[in-house]
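Here the structure comes first, spelled out in C-alpha cells, and everything after it is commentary.
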There are 2 protein chains.
Amino acid sequence: MARYQAGLRTEARIVEATRDLLGEVGLEGTTLKAICGRASVQAGSFYNLFASKEAVVVRVVSEAIAAVAPEPAEDATVEDLVEAYIQFIQGDPTLAAVYTEIAITGALNDGPMRERIARHHRQRLEIFAGAVRQSVPGISPKNAVTRAELLLAALHGLAFHLALEPDFDFAGLARRVAEFTVS
Amino acid sequence: MARYQAGLRTEARIVEATRDLLGEVGLEGTTLKAICGRASVQAGSFYNLFASKEAVVVRVVSEAIAAVAPEPAEDATVEDLVEAYIQFIQGDPTLAAVYTEIAITGALNDGPMRERIARHHRQRLEIFAGAVRQSVPGISPKNAVTRAELLLAALHGLAFHLALEPDFDFAGLARRVAEFTVS
DNA sequence: TCACAATTTGAGTATACGCTCCATTTTGGA
DNA sequence: TCCAAAATGGAGCGTATACTCAAATTGTGA
C-alpha cells in the first residue's frame, strides 16, 4: 500500500505498536484505538495502509512464526530445537499465548491464519522428526514422526502450563522431555 | 437467588442453553442475546438470576471440570486416566477448547476462574502422579511427579493439535504417551 | 383469599468496537 | 515548479455488546 517514505515509516510504527501491544496486553487489549494511540496515528491513516485491524495482527503473528523457525536447519539436534522453542516461549510469553489463542479460537478470519499455523506445525514436525532420526539411530521413520509429534505436543502443553502459572519451571521440564525423546 | 420453582426452572434452562452454545459456537458466539434466545428468557430475567454473563459461563465450565475428575480414584491406572481424558476431549471438543481459551487468555475476570483451573490442574497432577507410582514400581516420588507433569502436558498439547486439525488421531497418540510414561 | 415477595417482561442505556468519509496537507517524480 | 498520487487528521457512522429499570404478572405461604 505504502509508496512514499512517510507511508513506509508510519506502516512500520503501526506494526511495532501492534507487536508491543500483543506482547503486553494480549489480543483482547490490542484494539484499533490502542494501536493508533501508541503509533501516534489516526484511524484514517491506519486504514490508508492496512485493509483491516486483522491484517496487521496477522502480519505480526506471521513474522513471529517465521522468526522461530528461520531455516530448515538440517543438522540440528533435538536439544537444539528444544532450546530454540524455549527461547521463543520465554522471549515473549504473551505473544506466544496470543499465537495459541488464535490457533484455538480461530479468532481471526478462520481461513488464512489457521492454515498458516497448521502449515507451520507440519514444517516444525518434519524438522523435529529429522532430529529424532539423527539422535536415535535405529528408529524407524514412522516412529520418529510419532516421537516428534509427542515431543511437540508436550512442549505446547508445557507452554500452556506456563501461561497459567508464570512461576512454572518451563525450561527445566522442556529439557526433560528432550531427554525422554532421545532415550 | 431463585426461590420459587419457576425461578429454578428458568435457571436450569439458562445453564443448559449456555452449555449448548459453548459447545456449538464457542465463547465468542455465546452472547447474552444468544443465551436468552435459546433459553426463551428476556435479559431482565437473566439478570434476576445471575449477576453477570460471566457467572453462568464460569458455572458451566466449572461443572464440566468437576465432571471430568469426579473422584480421587485411588486405584486408577495411567491407562484409565488417559482414557478418561480422551473421553473428556472427544466428548465435547468445543467445550474443551473453551476451557483452554479461558485458561490461556484469562478471558473471564482473571481471578476466580483461573485459580479454579490451576487448582484443577494440581489435583489432576496429584492423581496422575499416584498412578505413575503404581505403574512404575521403582520410581522416586519426585520423578513420578515429573513424569505425570509431562504426561499431562503432552495430553494438553495433543488436545490443542486436535482443535487445530479435526482429523488428527488424538486418541491413538494419547495412548502412545501413556505407553511412554509407564515404560 | 389475599398480601407480598419472587419473577418476568421488554424497552432502553451506556459503551466500545471496527471502520468510513472527505477535506486538507505532504510528497516526490517529471 | 507543477501536480497527481499518497498520506493525514478527525469527526462520526453503524453495530453489537453487556446490562438496567420500572412496571406488570405470577407464585406461595398464611
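Keep in mind it's a predicted model, so treat the numbers as computed, not measured. Letters A, B, ... are given to chains in the order of the sequence lines, protein chains preceding strands, and every chain is numbered from 1.
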Regarding the side chain of A/Leu32, the nearest nucleotide among D/dG27, C/dG28, C/dG18 is C/dG18
Rounding to a whole Å, what distance do you find between B/Phe46:CZ and C/dA6:P?
20 Å
Nearest-nucleotide comparison on DNA chain C, the residue closer to the 5′ end among A/Arg3 and A/Thr31
A/Thr31
Specify the separation, in whole Å, of atom NZ of B/Lys33 and atom C1' of D/dA16.
8 Å
From CZ of B/Arg9 over to C1' of D/dG27, roughly how many Å is that when rounded to an integer?
10 Å
Does B/Ser45 put a side-chain nitrogen or oxygen below 4.0 Å from OP1 or OP2 of C/dT9?
yes
Taking any heavy-atom pair under 4.0 Å as a contact, classify B/Gly7: base, sugar-phosphate, or nothing.
sugar-phosphate
I'd like to know if A/Arg175 pairs up with A/Glu79 as an ion pair, taking the criterion as any Lys NZ or Arg NE/NH1/NH2 lying under 4.0 Å from an Asp or Glu carboxylate oxygen.
no
Apply ring-ring contact (aromatic ring centres under 6.0 Å, His included) to the pair B/His156 and A/His156, showing each step before the final yes or no.
CA-CA 8 Å; B/His156 287 144; A/His156 287 144; over 10 Å; no
Could you state the CD-P distance from B/Gln42 to D/dA24, rounded to the nearest angstrom?
17 Å
Can you check the B/Gln5 CD to D/dT26 P distance for me, whole Å?
18 Å
Of all the choices, D/dA7, C/dT8, D/dG27, which nucleotide is nearest to the side chain of B/Tyr4 once you look at every atom?
D/dG27
Counting N and O atoms only, with roles assigned by atom type, does the side chain of A/Asp80 sit under 3.5 Å from a partner on the main chain of A/Thr77, one being a donor and the other an acceptor?
yes
Under 4.0 Å from OP1 or OP2 of C/dG18: is there any side-chain N or O of A/Ser52 that close?
no
Stepwise side-chain hydrogen bond (donor to acceptor under 3.5 Å, both in side chains) test for A/His161 and B/Glu149
CA-CA 10 Å; A/His161 192 158; B/Glu149 193 107 55; 3.2 Å; yes
Using the rule given for side-chain hydrogen bond (donor to acceptor under 3.5 Å, both in side chains), can you reason through B/Arg13 versus B/Ser40, listing the C-alpha separation, both sets of side-chain angles and the distance that settles it, and then say yes or no?
CA-CA 8 Å; B/Arg13 276 212 319 280; B/Ser40 299; 5.5 Å; no
Whole-Å distance between C/dC22 P and A/Tyr47 OH?
18 Å
Atom pair distance, as rounded to whole Å: CZ in B/Phe50 and C1' in C/dT8:
15 Å
Does the side chain of A/Asn48 get closer than 4.0 angstrom to OP1 or OP2 of D/dA7 through an N or O atom?
yes
What does A/Ala43 touch in the nucleic acid at a heavy-atom separation under 4.0 angstrom: a base, only the sugar-phosphate, or nothing?
base
B/Gly44 or B/Lys53: which one's nearest nucleotide on DNA chain D is closer to the 5' end?
B/Lys53
What is the distance, to the nearest angstrom, from the CG atom on A/Leu21 to the P atom on C/dG18?
12 Å
